[in-house]
2 protein chains.
Amino acid sequence: MDSDLLKRTKNSRQRDLVLRILRSSKDHPTAESIYLEARKTIPSISLGTVYRNLNHLRDEGRIRELSYGKGISHFDGELREHHHVRCIACGSVADVPCVVPRPFIEEVQAQTRFQIHSVRLEFIGLCGTCERLSEEKGPRPETARE
Amino acid sequence: MDSDLLKRTKNSRQRDLVLRILRSSKDHPTAESIYLEARKTIPSISLGTVYRNLNHLRDEGRIRELSYGKGISHFDGELREHHHVRCIACGSVADVPCVVPRPFIEEVQAQTRFQIHSVRLEFIGLCGTCERLSEEKGPRPETARE
DNA sequence: CTAACTGCAAAGTTTTTGCAATTGC
DNA sequence: GCAATTGCAAAAACTTTGCAGTTAG
(Lines give C-alpha, C1' and ligand atoms only; values in the text may rest on other atoms or scores of the structure.)
Protein backbone atom coordinates (compact mmCIF):
# COMPACT_ATOMS: atom_id res chain seq x y z
CA MET A 1 0.00 0.00 0.00
CA ASP A 2 2.76 2.40 -0.90
CA SER A 3 0.87 5.06 -2.77
CA ASP A 4 2.87 8.12 -1.74
CA LEU A 5 2.49 10.21 -4.82
CA LEU A 6 4.99 12.73 -3.56
CA LYS A 7 7.86 10.28 -3.28
CA ARG A 8 10.23 10.67 -6.16
CA THR A 9 11.64 7.60 -7.73
CA LYS A 10 15.27 6.74 -8.18
CA ASN A 11 16.89 4.40 -10.64
CA SER A 12 18.80 1.40 -9.49
CA ARG A 13 20.55 -1.40 -11.30
CA GLN A 14 18.28 -3.84 -9.50
CA ARG A 15 15.05 -2.20 -10.56
CA ASP A 16 16.17 -1.80 -14.15
CA LEU A 17 17.16 -5.43 -14.25
CA VAL A 18 13.84 -6.67 -12.92
CA LEU A 19 11.99 -4.62 -15.51
CA ARG A 20 14.30 -5.74 -18.29
CA ILE A 21 13.80 -9.40 -17.41
CA LEU A 22 10.07 -8.96 -17.36
CA ARG A 23 9.93 -7.09 -20.65
CA SER A 24 12.06 -9.62 -22.44
CA SER A 25 10.30 -12.66 -21.13
CA LYS A 26 7.76 -14.34 -23.32
CA ASP A 27 6.02 -16.14 -20.46
CA HIS A 28 4.67 -14.81 -17.19
CA PRO A 29 7.33 -15.34 -14.58
CA THR A 30 6.91 -15.48 -10.82
CA ALA A 31 8.90 -13.43 -8.34
CA GLU A 32 11.01 -16.49 -7.65
CA SER A 33 11.92 -17.10 -11.27
CA ILE A 34 12.68 -13.42 -11.83
CA TYR A 35 14.92 -13.61 -8.79
CA LEU A 36 16.78 -16.63 -10.15
CA GLU A 37 17.22 -14.94 -13.52
CA ALA A 38 18.35 -11.68 -11.92
CA ARG A 39 21.05 -13.44 -9.90
CA LYS A 40 22.81 -14.31 -13.13
CA THR A 41 23.50 -10.61 -13.59
CA ILE A 42 23.57 -9.32 -10.01
CA PRO A 43 24.44 -12.31 -7.85
CA SER A 44 23.95 -10.35 -4.65
CA ILE A 45 20.38 -9.30 -5.41
CA SER A 46 17.92 -10.41 -2.76
CA LEU A 47 14.45 -11.84 -3.10
CA GLY A 48 13.10 -9.04 -0.95
CA THR A 49 14.42 -6.51 -3.42
CA VAL A 50 12.78 -8.33 -6.29
CA TYR A 51 9.45 -8.24 -4.46
CA ARG A 52 9.83 -4.58 -3.57
CA ASN A 53 10.61 -3.70 -7.16
CA LEU A 54 7.78 -5.75 -8.60
CA ASN A 55 5.35 -4.01 -6.27
CA HIS A 56 6.83 -0.64 -7.09
CA LEU A 57 6.64 -1.20 -10.85
CA ARG A 58 3.09 -2.48 -10.51
CA ASP A 59 2.06 0.56 -8.49
CA GLU A 60 3.53 2.77 -11.16
CA GLY A 61 1.53 0.84 -13.75
CA ARG A 62 4.63 -0.29 -15.60
CA ILE A 63 3.88 -4.00 -15.23
CA ARG A 64 0.82 -6.09 -14.43
CA GLU A 65 0.38 -8.60 -11.66
CA LEU A 66 -1.68 -11.70 -12.34
CA SER A 67 -2.72 -14.11 -9.67
CA TYR A 68 -3.96 -17.55 -10.41
CA GLY A 69 -4.51 -20.40 -7.98
CA LYS A 70 -3.43 -20.30 -4.39
CA GLY A 71 -0.44 -18.28 -3.44
CA ILE A 72 1.77 -17.45 -6.33
CA SER A 73 1.59 -14.27 -8.38
CA HIS A 74 2.82 -14.07 -11.94
CA PHE A 75 3.94 -10.85 -13.56
CA ASP A 76 3.44 -9.56 -17.05
CA GLY A 77 5.59 -6.94 -18.75
CA GLU A 78 3.25 -6.52 -21.70
CA LEU A 79 0.86 -3.63 -21.19
CA ARG A 80 -1.10 -3.67 -24.42
CA GLU A 81 -4.49 -5.29 -23.98
CA HIS A 82 -4.30 -9.03 -24.25
CA HIS A 83 -5.65 -11.95 -22.29
CA HIS A 84 -4.68 -15.43 -21.21
CA VAL A 85 -5.46 -19.10 -21.50
CA ARG A 86 -4.34 -21.30 -18.66
CA CYS A 87 -4.04 -25.07 -18.55
CA ILE A 88 -5.55 -26.62 -15.43
CA ALA A 89 -3.39 -29.67 -15.77
CA CYS A 90 0.12 -28.29 -16.24
CA GLY A 91 -0.37 -24.67 -15.19
CA SER A 92 1.06 -23.20 -18.37
CA VAL A 93 -0.18 -19.79 -19.45
CA ALA A 94 -0.36 -18.46 -22.99
CA ASP A 95 -1.38 -15.13 -24.43
CA VAL A 96 -4.59 -14.58 -26.35
CA PRO A 97 -4.37 -11.39 -28.42
CA CYS A 98 -8.12 -10.73 -28.33
CA VAL A 99 -9.76 -7.54 -27.15
CA VAL A 100 -12.96 -7.10 -25.16
CA PRO A 101 -15.24 -4.89 -27.29
CA ARG A 102 -15.95 -1.36 -26.08
CA PRO A 103 -19.74 -1.65 -26.17
CA PHE A 104 -19.56 -4.70 -23.96
CA ILE A 105 -17.60 -2.77 -21.37
CA GLU A 106 -19.92 0.19 -21.58
CA GLU A 107 -22.88 -2.05 -20.95
CA VAL A 108 -21.23 -3.37 -17.81
CA GLN A 109 -20.45 0.15 -16.67
CA ALA A 110 -24.10 1.05 -17.04
CA GLN A 111 -25.27 -2.05 -15.23
CA THR A 112 -22.90 -1.83 -12.30
CA ARG A 113 -22.29 1.89 -11.94
CA PHE A 114 -18.59 1.12 -11.74
CA GLN A 115 -16.09 3.17 -13.66
CA ILE A 116 -14.13 0.43 -15.37
CA HIS A 117 -10.40 0.85 -15.91
CA SER A 118 -9.38 -2.53 -17.18
CA VAL A 119 -10.58 -5.99 -17.98
CA ARG A 120 -9.10 -9.33 -17.20
CA LEU A 121 -10.25 -12.22 -19.29
CA GLU A 122 -8.97 -15.69 -18.66
CA PHE A 123 -9.83 -18.91 -20.43
CA ILE A 124 -9.31 -22.05 -18.43
CA GLY A 125 -8.94 -25.47 -19.95
CA LEU A 126 -6.53 -28.05 -21.26
CA CYS A 127 -3.59 -27.35 -23.50
CA GLY A 128 -2.96 -29.56 -26.51
CA THR A 129 -0.39 -31.69 -24.75
CA CYS A 130 -2.39 -32.29 -21.61
CA GLU A 131 -5.49 -33.04 -23.62
CA ARG A 132 -3.64 -35.77 -25.46
CA LEU A 133 -2.31 -37.17 -22.19
CA SER A 134 -5.75 -37.27 -20.61
CA GLU A 135 -7.16 -39.07 -23.64
CA GLU A 136 -4.52 -41.75 -23.31
CA LYS A 137 -5.16 -42.26 -19.64
CA GLY A 138 -8.90 -42.01 -20.11
CA PRO A 139 -11.04 -39.10 -18.99
CA ARG A 140 -10.77 -37.88 -15.46
CA PRO A 141 -12.51 -35.10 -13.56
CA GLU A 142 -10.82 -31.77 -13.71
CA THR A 143 -10.68 -29.45 -10.76
CA ALA A 144 -12.63 -26.25 -11.14
CA ARG A 145 -10.00 -24.06 -9.58
CA GLU A 146 -9.85 -20.54 -10.92
CA MET B 1 -4.13 -32.31 -5.31
CA ASP B 2 -6.70 -34.72 -3.96
CA SER B 3 -8.17 -36.11 -7.13
CA ASP B 4 -8.99 -39.64 -5.94
CA LEU B 5 -12.06 -40.34 -7.93
CA LEU B 6 -12.64 -43.61 -6.12
CA LYS B 7 -12.93 -42.06 -2.69
CA ARG B 8 -16.55 -41.92 -1.58
CA THR B 9 -17.74 -38.87 0.17
CA LYS B 10 -19.40 -38.66 3.54
CA ASN B 11 -21.64 -36.01 4.93
CA SER B 12 -20.65 -34.03 7.96
CA ARG B 13 -22.28 -31.17 9.79
CA GLN B 14 -19.17 -29.12 9.16
CA ARG B 15 -19.18 -29.61 5.41
CA ASP B 16 -22.89 -28.99 5.09
CA LEU B 17 -22.50 -25.82 7.09
CA VAL B 18 -19.67 -24.48 4.96
CA LEU B 19 -21.67 -25.12 1.82
CA ARG B 20 -24.80 -23.57 3.29
CA ILE B 21 -22.94 -20.42 4.31
CA LEU B 22 -21.46 -20.11 0.85
CA ARG B 23 -24.74 -20.67 -0.97
CA SER B 24 -26.58 -18.16 1.15
CA SER B 25 -23.95 -15.47 0.97
CA LYS B 26 -24.40 -12.68 -1.49
CA ASP B 27 -20.76 -11.67 -1.52
CA HIS B 28 -17.66 -13.76 -2.06
CA PRO B 29 -16.32 -14.67 1.34
CA THR B 30 -12.82 -15.76 2.26
CA ALA B 31 -11.97 -18.89 4.21
CA GLU B 32 -11.51 -16.72 7.27
CA SER B 33 -14.91 -15.10 7.09
CA ILE B 34 -16.60 -18.43 6.43
CA TYR B 35 -14.81 -19.75 9.49
CA LEU B 36 -16.05 -16.87 11.64
CA GLU B 37 -19.59 -17.35 10.39
CA ALA B 38 -19.44 -21.11 10.90
CA ARG B 39 -18.35 -20.74 14.51
CA LYS B 40 -21.69 -19.16 15.30
CA THR B 41 -23.28 -22.54 14.59
CA ILE B 42 -20.49 -24.98 15.42
CA PRO B 43 -18.21 -23.16 17.84
CA SER B 44 -15.66 -25.97 17.86
CA ILE B 45 -15.12 -25.96 14.08
CA SER B 46 -11.52 -25.37 13.11
CA LEU B 47 -10.03 -23.25 10.39
CA GLY B 48 -8.25 -26.30 9.00
CA THR B 49 -11.58 -28.03 8.56
CA VAL B 50 -12.99 -25.05 6.73
CA TYR B 51 -10.05 -25.08 4.35
CA ARG B 52 -10.30 -28.82 3.83
CA ASN B 53 -13.98 -28.56 3.05
CA LEU B 54 -13.58 -25.64 0.71
CA ASN B 55 -10.95 -27.54 -1.22
CA HIS B 56 -13.09 -30.63 -1.25
CA LEU B 57 -16.17 -28.80 -2.48
CA ARG B 58 -14.11 -27.05 -5.12
CA ASP B 59 -12.63 -30.33 -6.32
CA GLU B 60 -16.12 -31.75 -6.60
CA GLY B 61 -17.09 -28.68 -8.62
CA ARG B 62 -19.73 -27.62 -6.12
CA ILE B 63 -18.21 -24.20 -5.50
CA ARG B 64 -15.72 -21.96 -7.29
CA GLU B 65 -12.51 -20.52 -5.99
CA LEU B 66 -11.55 -17.01 -7.09
CA SER B 67 -8.22 -15.48 -6.39
CA TYR B 68 -7.63 -11.80 -6.60
CA GLY B 69 -4.65 -9.90 -5.27
CA LYS B 70 -1.90 -11.51 -3.27
CA GLY B 71 -2.67 -14.31 -0.98
CA ILE B 72 -6.32 -14.51 -0.22
CA SER B 73 -8.80 -16.70 -2.05
CA HIS B 74 -12.47 -15.88 -2.20
CA PHE B 75 -15.12 -18.52 -2.75
CA ASP B 76 -18.30 -18.41 -4.77
CA GLY B 77 -21.30 -20.66 -4.23
CA GLU B 78 -23.01 -19.58 -7.45
CA LEU B 79 -22.23 -21.95 -10.30
CA ARG B 80 -24.25 -20.43 -13.13
CA GLU B 81 -22.04 -18.41 -15.48
CA HIS B 82 -21.54 -14.93 -14.21
CA HIS B 83 -18.60 -12.61 -13.82
CA HIS B 84 -17.29 -9.94 -11.50
CA VAL B 85 -16.44 -6.28 -11.13
CA ARG B 86 -13.92 -5.40 -8.49
CA CYS B 87 -13.15 -2.00 -6.99
CA ILE B 88 -9.44 -1.23 -6.81
CA ALA B 89 -9.99 1.25 -4.04
CA CYS B 90 -12.13 -0.60 -1.51
CA GLY B 91 -11.77 -4.19 -2.71
CA SER B 92 -15.48 -4.82 -3.00
CA VAL B 93 -16.65 -7.38 -5.54
CA ALA B 94 -20.00 -7.45 -7.31
CA ASP B 95 -21.57 -9.86 -9.74
CA VAL B 96 -22.06 -9.10 -13.40
CA PRO B 97 -24.64 -11.42 -14.94
CA CYS B 98 -23.18 -11.29 -18.43
CA VAL B 99 -22.14 -14.27 -20.52
CA VAL B 100 -19.15 -14.64 -22.84
CA PRO B 101 -20.57 -15.52 -26.27
CA ARG B 102 -19.95 -19.02 -27.61
CA PRO B 103 -18.40 -17.92 -30.92
CA PHE B 104 -15.88 -15.85 -29.03
CA ILE B 105 -14.81 -18.88 -27.05
CA GLU B 106 -14.66 -21.06 -30.13
CA GLU B 107 -12.41 -18.57 -31.83
CA VAL B 108 -10.03 -18.69 -28.90
CA GLN B 109 -10.07 -22.49 -28.93
CA ALA B 110 -9.10 -22.43 -32.58
CA GLN B 111 -6.36 -19.85 -32.04
CA THR B 112 -4.78 -21.49 -29.03
CA ARG B 113 -5.49 -25.18 -29.52
CA PHE B 114 -6.68 -25.31 -25.93
CA GLN B 115 -9.84 -27.15 -25.01
CA ILE B 116 -11.59 -24.49 -22.99
CA HIS B 117 -13.68 -25.49 -19.99
CA SER B 118 -14.52 -22.19 -18.42
CA VAL B 119 -14.00 -18.47 -18.66
CA ARG B 120 -13.20 -15.94 -16.03
CA LEU B 121 -13.96 -12.34 -16.82
CA GLU B 122 -13.20 -9.61 -14.38
CA PHE B 123 -13.75 -5.89 -14.70
CA ILE B 124 -11.52 -3.74 -12.57
CA GLY B 125 -12.30 -0.17 -11.69
CA LEU B 126 -13.92 2.14 -9.19
CA CYS B 127 -17.26 1.59 -7.54
CA GLY B 128 -19.70 4.46 -7.29
CA THR B 129 -18.75 5.34 -3.75
CA CYS B 130 -15.01 5.33 -4.29
CA GLU B 131 -15.38 7.27 -7.50
CA ARG B 132 -17.18 10.02 -5.63
CA LEU B 133 -14.54 10.02 -2.90
CA SER B 134 -11.71 10.30 -5.38
CA GLU B 135 -13.41 13.23 -7.08
CA GLU B 136 -13.65 15.07 -3.79
CA LYS B 137 -10.03 14.47 -2.93
CA GLY B 138 -8.95 15.18 -6.48
CA PRO B 139 -7.64 12.57 -8.89
CA ARG B 140 -4.90 10.25 -7.76
CA PRO B 141 -3.05 7.45 -9.51
CA GLU B 142 -4.68 4.04 -9.14
CA THR B 143 -2.68 0.89 -8.71
CA ALA B 144 -2.90 -1.51 -11.59
CA ARG B 145 -3.09 -4.59 -9.44
CA GLU B 146 -5.03 -7.48 -10.94
C1' DC C 1 -16.04 -52.23 10.97
C1' DT C 2 -13.49 -48.83 8.49
C1' DA C 3 -12.54 -45.14 5.69
C1' DA C 4 -13.75 -40.36 5.81
C1' DC C 5 -13.77 -36.63 8.65
C1' DT C 6 -12.52 -33.65 12.66
C1' DG C 7 -9.77 -30.46 15.96
C1' DC C 8 -5.45 -29.12 17.10
C1' DA C 9 -1.06 -27.55 16.43
C1' DA C 10 2.95 -27.60 13.85
C1' DA C 11 4.95 -26.84 9.38
C1' DG C 12 4.92 -25.02 4.66
C1' DT C 13 4.74 -21.23 1.16
C1' DT C 14 4.72 -16.85 -0.48
C1' DT C 15 5.23 -12.08 0.58
C1' DT C 16 6.33 -8.15 3.56
C1' DT C 17 9.13 -5.53 6.73
C1' DG C 18 12.70 -3.57 10.14
C1' DC C 19 17.30 -2.27 10.22
C1' DA C 20 21.75 -0.61 9.20
C1' DA C 21 24.52 0.24 5.26
C1' DT C 22 24.71 2.07 0.49
C1' DT C 23 23.65 4.82 -3.46
C1' DG C 24 21.58 8.02 -6.89
C1' DC C 25 20.43 12.73 -7.65
C1' DG D 1 23.46 15.50 2.18
C1' DC D 2 19.34 13.08 2.24
C1' DA D 3 15.85 10.26 0.96
C1' DA D 4 15.27 6.13 -1.87
C1' DT D 5 17.09 1.71 -2.27
C1' DT D 6 19.47 -2.49 -0.89
C1' DG D 7 20.70 -7.16 1.48
C1' DC D 8 19.72 -9.77 5.18
C1' DA D 9 16.96 -12.11 8.24
C1' DA D 10 13.04 -12.20 10.93
C1' DA D 11 8.07 -11.84 10.83
C1' DA D 12 3.64 -11.93 8.76
C1' DA D 13 -0.13 -13.85 6.18
C1' DC D 14 -2.45 -17.60 4.28
C1' DT D 15 -2.89 -22.52 3.60
C1' DT D 16 -1.74 -27.35 4.18
C1' DT D 17 -0.71 -31.41 6.84
C1' DG D 18 0.31 -35.10 10.49
C1' DC D 19 -1.77 -37.21 14.17
C1' DA D 20 -4.92 -39.34 17.19
C1' DG D 21 -9.61 -39.47 18.15
C1' DT D 22 -14.55 -39.42 16.24
C1' DT D 23 -18.28 -40.44 13.13
C1' DA D 24 -21.21 -41.72 9.08
C1' DG D 25 -22.77 -45.48 6.39
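Only heavy atoms go into these numbers, but all of them, side chains included; no hydrogens, no water, no symmetry mates. Chain letters run A, B, ... following the sequence lines, proteins first, then strands; residues in each count from 1.
Contact check, A/Thr49 against D/dG7: a side-chain N or O comes under 4.0 Å of OP1 or OP2. Residue A/Thr9 places no side-chain N or O under 4.0 Å from the OP1 or OP2 atom of D/dA3. Phosphate contact (OP1/OP2 of D/dT16, side-chain N/O of B/Asn55, threshold under 4.0 Å): present. Not one side-chain nitrogen or oxygen of B/Asn11 sits closer than 4.0 Å to the OP1 or OP2 atom of C/dC5. Applying the 4.0 Å criterion to OP1 and OP2 of C/dT23, one finds that A/Gln14 has every side-chain N and O outside that range. In this model, the phosphate group of C/dA4 is not approached by any side-chain N or O of B/Ser12 to a distance below 4.0 Å at OP1 or OP2.
Atom CG of A/Leu54 and atom P of D/dT5 are 14 Å apart (whole Å). Nucleotide C/dC5 holds its P atom 18 Å from the CG atom of B/Leu47, rounded to whole Å. Nucleotide D/dT16 holds its P atom 7 Å from the CZ atom of B/Arg58, rounded to whole Å. A/Asp16 has its CG atom 10 Å from the P atom of C/dG24, to the nearest Å. Nucleotide C/dC8 holds its P atom 8 Å from the OH atom of B/Tyr35, rounded to whole Å. One can place CD of A/Glu60 at 12 Å from C1' of D/dA4, the figure rounded to the nearest angstrom. Atom CD1 in A/Ile42 sits about 16 Å away from atom C1' in D/dC8, given to the nearest Å. The distance from atom CZ of B/Arg15 to atom C1' of D/dT23 is 13 Å, rounded to the nearest whole Å.
Looking at A/Arg120 and A/Glu122, a side-chain N of the basic residue comes within less than 4.0 Å of a carboxylate O on the acidic one, giving a salt bridge. Salt-bridge check for A/Glu60 with A/Arg58: failed, with every basic side-chain N at 4.0 Å or more from each acidic carboxylate O.
By the 30° and 60° cut-offs, the orientation of the rings of B/Phe123 relative to A/Phe104 is parallel.
Here the nucleotide nearest the side chain of A/Lys10, chosen from C/dC25, D/dG7, C/dG7, is C/dC25. Side-chain atoms of A/Ile72 lie closest to C/dT14 of the nucleotides C/dC8, C/dT14, C/dC5.
Heavy atoms of A/Arg52 sit under 4.0 angstrom from at least one base atom.
If you find the closest nucleotide of DNA chain C to A/Glu32 and to B/Gly48, the one lying nearer the 5' end belongs to B/Gly48.
Annotation: side chain of B/His82 is not in contact with side chain of B/Val99 (no heavy-atom distance under 4.5 Å). Considering only heavy atoms from C-beta on, A/Leu54 comes within 4.5 Å of A/Leu22 through its side chain.
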